Amino acid sequence: MTVSRTVCLGFLAVITVGTILLMMPFSTSSGNWNDPIVALFTATSAVCVTGLAVVDTGTDFSFWGQLCILLLAQIGGLGYMTTTTFLIMLVGRKFNLRHKLAIQQTLDRPGMQGSAQVIRSIIATTMIFEITGILLLLPAFVPDFGWNEGLWLAIFHSISAWNNAGFSLFSDSLVGYQSSGLVVFTITMLIIFGGIGYQVILEVYLWVRDRLLKKTTNLVFSLDFKVASSTTLILLFIGTIAFFLIETKNRETFGSLNLPTQLLAAWFQSVTTRTAGFNSIDVSQMTTAGLFITIAFMFIGASPSGTGGGIKTTTVRVLTSCTKSILQGKEEVLLYERKIAISLILKAVAVLVGSVAMVLLSTILISLTDPELNFIQLLFEVVSAFATVGLSTGITSSVSVPAKLILIVTMYVGRVGVLLLMAAVLGDPRPSRVHYPEESLLVG
């Protein structure tokens with residue numbers, strides 16, 4: 001039982017338990033047994049922090065069903081190994097070498113020292129951001145729904161946003177609050193920090209702490225921090241401008257809004273497109289250009305060790321830097337005056353190829369099961385499922401049962417990762433001592 005197999009089977013176990021709970025009569029608002037396919041799809045979407053839904057979460061599920069979905073999203077956002085390790089710490093058991101190795105591999109840490117402290121820091125960071133989000137959302141929801149329902153709405157949407165889950169208790173997601181700066185900026189900040197990764201948040205905290213304590217030593221930001229933060233800012237800026245320019249004349253999305261609300265909607269769409277799945281406009285009414293841009297941003301996704309999906313910002317930067325090096329005639333790939341190892345380049349290429357292959361395979365299979373679907377809507381749905389985003393043009397509930405099962409598998413593969421799943425199936429790779437002669441090949 002390797003680490004990769006433990007993680008993959010762990011996610012399957014959580015999905016199975018979630019499916020059973022969501023099938024129970026106490027989970028539905030009608031009090032009847034739930035459809036197994038609906039329960040399985042919803043549980044997978046929650047654990048994989050996707051947000052795609054075949055029924056209305058706010059009306060079809062009872063309070064206990066909504067709570068179950070929220071707990072599944074929390075487990076999925078933290079990750080199976082992080083959650084399991086935290087539970088081991090709660091019961092007072094000590095880490096063995098296997099747990100430390102699992103944490104090192106799942107969190108991409110350079111060593112195994114301080115594993116317990118890392119888990120505590122992740123849990124503490126999660127609680128701080130989620131509680132802050134709840135307090136900020138209360139003034140928006142309580143006046144409209146009262147204290148009891150307003151508090152539950154604030155709790156649900158704060159946790160859902162931090163974990164980039166995209167589940168909402170409103171039938172139209174957050175369209176009703178598209179002009180509320182408080183809701184828009186609170187949700188987007190939770191999405192950004194949840195998706196940017198624990199390592200980046202930790203380095204920001206250390207930098208702020210050193211400044212407040214006026215320490216003379218300067219913190220040297222890691223390459224992970226520089227790449228993840230800069231790429232995120234670039235994508236947020238490009239996305240906001242692109243959505244504003246493309247959708248401004250579309251009266252079904254931005255055209256009927258005033259300028260401040262258009263800017264809020266463009267910003268919100270730029271943030272949620274890459275990771276979360278909330279929407280403040282009707283996605284099904286977007287222009288074809290807007291849908292294609294959304295697909296591209298969804299495929300890129302969030303950053304490593306964050307709660308979002310996609311091929312990750314660091315993968316995109318490594319691949320673009322490879323292209324830049326080739327165009328400049330260089331034989332090494334540089335990022336912020338640091339040389340990128342060949343193993344990381346090969347991993348980035350493998351992630352891209354595996355992800356494209358998975359998206360193509362899912363798209364082809366669903367096009368065979370549901371040939372009446374529009375291609376752009378189909379591709380949009382598949383990329384949203386694989387990148388664990390959760391945005392939809394409205395076809396999720398209407399696709400056939402085989403198509404729903406394909407989307408379930410796609411969400412699962414997107415959450416655990418193509419390479420991790422292949423390692424679980426094939427076993428951990430073994431280094432070879434055999435070296436072959438090098439030969440040139442025509443490429444491009």
Side-chain angles (χ1 to χ4, degrees), residues 41-42 45-46 48-61 65-66 69-70 73 77 133-134 136-137 140-141 144-145 149-150 152-192 194-195 239 243 247 250 252-254 256-257 261-262 264-286 290-291 294-295 297-298 307-309 377 380-381 383-385 387-398 407 411:
F41 193 100
T42 306
S45 183
C48 298
V49 289
T50 304
L52 285 176
V54 290
V55 295
D56 191 334
T57 307
T59 58
D60 287 71
F61 288 100
Q66 295 169 9
I69 292 172
L70 200 61
I134 292 170
L136 291 175
L137 290 174
F141 294 146
D144 294 339
F145 300 96
E149 189 175 356
W152 175 237
L153 288 171
I155 293 173
F156 190 95
H157 288 87
S158 177
I159 295 177
S160 181
W162 168 258
N163 291 287
N164 283 224
F167 279 96
S168 176
L169 297 182
F170 301 115
S171 299
D172 59 356
S173 192
L174 296 176
V175 174
Y177 290 90
Q178 63 183 188
S179 60
S180 172
L182 177 62
V183 173
V184 167
F185 284 111
T186 300
I187 295 294
T188 52
M189 287 302 105
L190 288 171
I191 293 171
I192 291 171
F243 285 119
E247 296 294 330
N250 183 1
E252 301 298 328
T253 54
F254 288 11
S256 59
L257 307 176
T261 307
Q262 286 181 346
L264 283 176
W267 162 254
F268 190 89
Q269 195 67 19
S270 178
V271 174
T272 191
T273 291
R274 289 182 35 248
T275 53
F278 294 104
N279 59 282
S280 62
I281 59 172
D282 187 351
V283 176
S284 64
Q285 299 299 322
M286 292 179 67
L291 291 175
T294 303
I295 290 173
F297 277 93
M298 288 194 299
T307 56
Q377 291 180 320
F380 191 99
E381 198 81 8
V383 174
S384 179
T388 69
V389 176
L391 290 175
S392 175
T393 56
I395 66 172
T396 311
S397 59
S398 61
L407 289 175
M411 287 189 287

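What you see is a predicted model, and the numbers here were worked out from it, not measured in a lab.
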> Aromatic rings Phe170 and His157: how do their planes relate, parallel, tilted or perpendicular, breaks at 30° and 60°?
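Taking His157 first and then Phe170, their aromatic rings lie parallel (interplane angle under 30°).
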> The criterion is side-chain hydrogen bond (donor to acceptor under 3.5 Å, both in side chains); which residues satisfy it with Thr396, sequence neighbours excluded?
Glu381, Ser392
> Considering non-hydrogen atoms only, spot the tightest contact between Gly51 and Ser45 and give its length.
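Smallest interatomic distance, heavy atoms only, reads N-OG, 2.9 Å.
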> Heavy-atom distance under 4.5 Å between the side chains of Gln269 and Leu391, does that happen here?
yes
> Can we call the ring centroids of Phe156 and Phe167 under 6.0 Å apart?
no
> Got a donor-acceptor contact below 3.5 angstrom from the Ser173 side chain to the Phe278 backbone?
no
> Return the CG to CZ distance between Leu169 and Phe61, rounded to the nearest 0.5 Å.
11.5 Å
> Quick one, Thr42 with Ile69, criterion side chain to side chain contact (heavy atoms under 4.5 Å, CB included). Give me CA distance, side-chain angles, the key distance, then yes/no.
CA-CA 8 Å; Thr42 306; Ile69 292 172; 3.7 Å; yes
> What distance do Asp172 atom CG and Tyr177 atom OH have between them, rounded to the nearest 0.5 Å?
10.0 Å
> What residues, two or more places apart in sequence or in another chain, satisfy side chain to side chain contact (heavy atoms under 4.5 Å, CB included) together with Thr186?
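Once residues adjacent in sequence are excluded, the partners of Thr186 under the side chain to side chain contact (heavy atoms under 4.5 Å, CB included) criterion are Leu136, Leu137, Leu182, Leu190.
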> Can you sort out the partners of Ala265 under side chain to side chain contact (heavy atoms under 4.5 Å, CB included), two or more places apart, ordered by chain and number?
Phe254, Leu257, Ser280, Ile281
> With a 3.5 Å distance limit and no angle check, can you tell me whether Thr272 reaches the backbone of Phe268 through a side-chain donor-acceptor pair?
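Judged by distance alone, no pair lies under 3.5 Å.
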> Under the side-chain hydrogen bond (donor to acceptor under 3.5 Å, both in side chains) rule, collect the residues that match up with Ser171, sequence neighbours excluded.
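Ser171 satisfies side-chain hydrogen bond (donor to acceptor under 3.5 Å, both in side chains) with Asp56 once adjacent residues are dropped.
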> Measuring from atom CD1 of Ile192 to atom CZ of Phe185, what distance do you get when rounded to the nearest 0.5 angstrom?
9.5 Å
> Measure the OG-CG distance between Ser180 and Leu264 for me, rounded to the nearest 0.5 Å.
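The OG atom of Ser180 sits 8.5 Å away from the CG atom of Leu264.
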> On a heavy-atom basis, which atom in Thr261 and which in Ser179 lie closest, and how many Å separate them?
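Result for this residue pair: OG1-CB, 3.7 Å.
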> Which heavy atom of Ile395 sits nearest to which heavy atom of Gln377, and what is that distance?
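Closest approach of Ile395 to Gln377, heavy atoms only: CD1-O, 3.7 Å.
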> For a 4.5 angstrom cut-off between non-hydrogen side-chain atoms, does Thr388 reach Asn164?
no
> Suppose we screen for side-chain hydrogen bond (donor to acceptor under 3.5 Å, both in side chains). Which residues come up paired with Gln66, at least two apart in sequence or across chains?
Trp152
> Which pair of non-hydrogen atoms, one from Val283 and one from Asn279, has the smallest distance, and what is that distance?
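Scanning both residues completely, I find the closest heavy atoms to be CG2-CB, 3.9 Å.
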> Listed by chain and number, what are the side-chain hydrogen bond (donor to acceptor under 3.5 Å, both in side chains) partners of Asn250, not counting sequence neighbours?
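In terms of side-chain hydrogen bond (donor to acceptor under 3.5 Å, both in side chains), with neighbours along the sequence ignored, Asn250 is linked to Glu247, Thr253.
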> If you look at every heavy atom in Ser160 and Gly166, which pair is closest and at what distance?
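Heavy-atom minimum between the residues: OG-N, 3.3 Å.
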> Using atom types as modelled and distance alone, determine if a side-chain donor or acceptor of Thr294 lies under 3.5 Å from a backbone N or O of Gly290.
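A pair under 3.5 Å: yes.
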> Is there a donor-acceptor contact under 3.5 Å from the side chain of Ser384 to the main chain of Gly390?
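Between the backbone of Gly390 and the side chain of Ser384 there is a qualifying donor-acceptor contact (under 3.5 Å).
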> Measure across Leu291 and Met286 and return the closest heavy-atom pair with its distance rounded to 0.1 Å.
CD2-CB, 4.0 Å
